[in-house]
Amino acid sequence: MKDLPESWKDVFHRFNKKATPSRRAILEVFEEKGQHLSAEDVYEHLRAKKKKVGIATVYRNLDLLLRMGILRKVNFGDGREHYEICRTAQFHHHLICTQCGQVVDCEGMTQEEEQFLQRLRKEFEQKQGFVVHSYHIYFYGLCPRCR
């Protein structure tokens, strides 16, 4: 990653944080791998690239990038937190194979599907008196390879 995207530069500026070499290296891993990564995954990728970043630094920076909205945390029920890069403000959901652990992003929902989720969100808000800011849905089952 030669330079940060303008949108990320703006975020770093807004949070009054610097795009340090460690933060750039972590973002580069997400750009290259394009998948859901745990802190340990990021650390191993950095070590393989001969980057001198400790595991504590990885955790601290993942937390910061999460708070800044550059990364999003996802939990697939495997006992580890995973992170993904936020390319848009729109949330997407995941299909998770309970046999092999494959994770598939559910993006590009139809308008009807989005409307259904919005109706469901509003119904929860009305019934519970709770204001929902965001939501994330996980579907568990078997992928085509494991069926």
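Side-chain contact between Val11 and Arg14 is present, with heavy atoms from C-beta onward closer than 4.5 Å. In this structure, Glu32 and Lys49 have side chains that are in contact, with non-hydrogen atoms separated by less than 4.5 Å.
Here Gln118 pairs with Arg121, Tyr135 under the side-chain contact (heavy atoms from CB on, under 4.5 Å) rule; sequence neighbours left out. Listed by chain and residue number, nothing satisfies the salt bridge (charged side-chain N to carboxylate O under 4.0 Å, His left out) test with Lys73 (two or more places apart in sequence, or in another chain). For Glu123, the salt bridge (charged side-chain N to carboxylate O under 4.0 Å, His left out) partners are Lys127, not counting sequence neighbours. With sequence neighbours left out, the ring-ring contact (aromatic ring centres under 6.0 Å, His included) criterion links His45 to no other residue. Every residue two or more places apart in sequence or in another chain was checked for a side chain to side chain donor-acceptor pair (under 3.5 Å) with Lys51, and none qualifies. Listed by chain and residue number, Arg47 satisfy the side-chain contact (heavy atoms from CB on, under 4.5 Å) test with Glu44 (two or more places apart in sequence, or in another chain). With sequence neighbours excluded, no residue forms a salt bridge (charged side-chain N to carboxylate O under 4.0 Å, His left out) with Lys50.
When all heavy atoms of Val53 and Tyr43 are compared, the closest pair comes out as O-CE1, 3.2 Å. Taking every heavy atom of both residues into account, Arg24 and Ala19 meet most closely at NE-O, 3.2 Å. The minimum heavy-atom distance linking Ile96 with Val103 is given by the pair CG1-CG2, 4.4 Å. Scanning all heavy atoms of the two residues, the minimum distance from Tyr83 to Phe30 falls at O-CE2, 3.3 Å.
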Please tabulate, for side-chain N and O atoms in residues 54-65, each donor-acceptor pair with protein atoms closer than 3.5 Å (sequence neighbours left out).
from, atom 1, to, atom 2, distance (Å)
Thr57, OG1, Arg60, NH2, 3.1
Tyr59, OH, Glu40, OE2, 2.5
Asn61, OD1, Arg23, NE, 2.7
Asn61, ND2, Thr57, O, 2.9
Asp63, OD2, Arg67, NE, 3.1
Asp63, OD2, Arg67, NH2, 3.4

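In summary, Arg80 and Asp41 engage in a salt bridge, as defined by a charged side-chain N under 4.0 Å from a carboxylate O.
Put simply, the side chain of Arg72 never gets that close to the backbone of Glu84: no donor and acceptor are under 3.5 Å apart.
Applying the side chain to side chain donor-acceptor pair (under 3.5 Å) test to every pair with at least one member in residues 138-147, sequence neighbours left out, gives no pairs at all.
Interatomic distance, CG of Leu71 versus CG of Leu37, reported as 9.5 Å (0.5 Å rounding). Atom CD in Glu114 sits 9.0 Å away from atom CD in Gln111 (nearest 0.5 Å).
No path of Ile, Leu, Val, Met, Phe, Trp and Tyr side chains, each step under 4.5 Å between heavy atoms, connects Phe139 with Leu142, placing them in separate hydrophobic clusters.
The local environment of CZ in Phe124 is sparse, with at most 12 non-hydrogen atoms from other residues, nucleotides or ligands closer than 6.0 Å. Lys122 NZ: 12 or fewer foreign heavy atoms inside a 6.0 Å radius.
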